[in-house]
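One-based numbering, in listed order, for ligands and for the atoms of each.
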Amino acid sequence: MKSTLETGLPEPDADSARHSLRVAEHLRQRIGTGSISFAEFMQEALYAPGLGYYVAGNRKFGVDGDFVTAPEISDLFGFVVATQLSPVLQSIKGGIVLELGAGSGALAVSILRRLAELDTLPERYHILEISPELRQRQDDRFTAELPELCERIEWIAEIPTSFSGVVVANEVADAIPVERFRIDNDNVMQARVSVQDERFAWVYEPAPAFLTDAVRKIEADLGSQLPHGYVSEVSTGLRTWIKDVCAAIDRGLLLISDYGVSRREYYAPERNDGWLRCHFRNRAHNDPLIWPGIQDLTAWVDFSLVASMAAEGGMTVTGFDSQANFLMHGGLAMVMVDFSELPIERQVELSSHIKLLTLPGEMGENFKFLGLCRQVDGPPVFEVTDRAHLL
Ligand SMILES: C[S@@+](CC[C@H](N)C(=O)[O-])C[C@H]1O[C@@H](n2cnc3c(N)ncnc32)[C@H](O)[C@@H]1O
């Protein structure tokens, strides 16, 4: 493992460093004398039972953690999301809300509060959370912050077979393990991880057929071959995930929000080192092989892939736009109506939250919303602005 002197990252505390050594040992055992695909490395580093980043007890969210998500920055995010979900729920009459990957529970709290204000609470708010540790944190938070609504909330172990309602997934798609590849002349090589001198190291081997096929499909969509030396990612896990979620929705909306771009931007010639990002103590960097189990690993989302998988599953794209547009046209204006009446401290707080959520250099442009529908009208905001033509 590299030392922090080499990486310029802050030093982990002693407990975290010890935990990372255990995760590294687990990975070394899986690797043995050979190598594992990067997708397997990412899966284990994030989700190995009792060890992975999302499963073990490290802090993760917030200013003292490794990253801050939009619902953690401000309840304005959930306020607007719920404002947009409300008419969809009304039209379904009796649909559930299903949140995938609820993190600290911040989004559920703000969505449920706003739906209560709008008198469109669902009978059930289901959460599918693969981390037992986060599930406990969510439960504690709801008991403390939403005692009157707790009984509507239910954790489920897998995606239900069929239901009507709305599904939200904020920053979950980017936490699904990806394959990494490199083009060597015209060959597709799979990025794998081996152990060299006690450290994790990249090795490239001829890609298995599923990965070569996925890269050839991307090239066919782009209408050109990726150049020699080009490195990027493909999320084969995301394909399955979207397929399963879409298959489960009889009638309703799937709203995915995440860091991501269209396929053309994802595989642009200048984007030749991919979209992997690692988060450690609120610093972002590009080395996923260090500090396994105590840093978050993410890969931006190819939203065209999501849209095409949903179309294969019979769902329709109802809209695709930046977070800035979604929030500004989707309900932020309502909060601003009586802005000048608010105490000055709240005005300052709201202004700083709005900047973080909407400025292009913050989350405003890089973060997107994609709406996918079956037999319902989508959220009204996409009638105002929509960039679905880019997908
Ligand atoms: C980056 S966090 C985002 C949390 C929250 N949605 C937010 O915006 O603050 C990713 C969350 O997705 C969960 N997760 C990852 N893969 C998942 C999957 N396949 N199904 C359900 N949850 C998943 C993680 O345990 C974690 O709660």
Residue, atom name and distance, where the atom is the protein heavy atom closest to atom 12 (O) of ligand 1
Gly101 CA, 3.4 Å
Under 3.5 Å between any N/O of Glu129 and any N/O of ligand 1: does that happen in this structure?
yes
How far is atom 17 (C) of ligand 1 from its nearest protein heavy atom, and which residue and atom is that?
Ile130 CD1, 3.5 Å
Ranked by distance from atom 7 (C) of ligand 1, the top protein heavy atom is Thr69 OG1, 3.5 Å
Please confirm whether Asn170 comes within less than 3.5 Å of ligand 1 when only nitrogen or oxygen atoms on both sides are compared.
yes
Could you tell me whether ligand 1 has any atom less than 4.0 Å away from a heavy atom of Leu107?
no
Output yes when Asp213 and Arg216 qualify as a salt bridge under the 4.0 Å nitrogen-oxygen rule, no when they do not.
no
Do Arg135 side-chain atoms and Glu129 backbone N/O form a donor-acceptor pair below 3.5 Å?
no
At a 4.0 Å threshold, what atoms of ligand 1 neighbour a non-hydrogen atom of Leu128?
21 (C), 22 (N)
Quick check on Pro71 - does any of its heavy atoms sit under 4.0 Å from an atom of ligand 1?
yes
Using 30° and 60° as the class limits, which term best fits the ring planes of Phe41 and Phe200: parallel, tilted or perpendicular?
perpendicular
Could an N or O of ligand 1 be found under 3.5 Å from any N or O of Ser131, whether backbone or side chain?
no
Identity and distance of the protein heavy atom lying nearest atom 19 (N) of ligand 1:
Trp241 NE1, 3.7 Å
Show which atoms of ligand 1 fall inside a sub-4.0 Å distance from at least one heavy-atom site of Tyr47.
15 (C), 16 (N)
Which residue and atom name correspond to the protein heavy atom nearest atom 10 (C) of ligand 1, and how close is it?
Glu171 O, 3.3 Å
Selection residues 232-243 - residue pairs positive for side-chain hydrogen bond (donor to acceptor under 3.5 Å, both in side chains), sequence neighbours left out
Arg180-Glu233
Arg114 to Phe79 six-membered ring, cation-pi geometry met (6.0 Å, 45°)
yes
Options Ser257, Gly103, Ala169, ranked by nearest heavy atom to atom 4 (C) of ligand 1, top entry:
Gly103
Do His26 and Glu44 pair up side chain to side chain, a donor and an acceptor below 3.5 Å, judged on atom types alone?
yes
Leu134 heavy atoms within 4.0 Å reach ligand 1 at atoms 25 (O), 26 (C), 27 (O)
May I ask you to establish whether Arg152 and Tyr125 are in a cation-pi arrangement, using a distance under 6.0 Å from NZ or CZ to the six-membered ring centre and at most 45° from the ring axis?
no
Which label fits Tyr47 and Tyr54: parallel for a plane angle under 30°, tilted from 30 to 60°, or perpendicular past 60°?
parallel
Given 3.5 Å as the limit, does a donor-acceptor pair link the side chain of Asp258 with the main chain of Ala173, or not?
yes
Hey, does Val172 come in under 3.5 Å of ligand 1, counting only N/O atoms on both sides?
no
Donor-acceptor pair between Ser86 and Thr120 side chains, under 3.5 angstrom:
yes
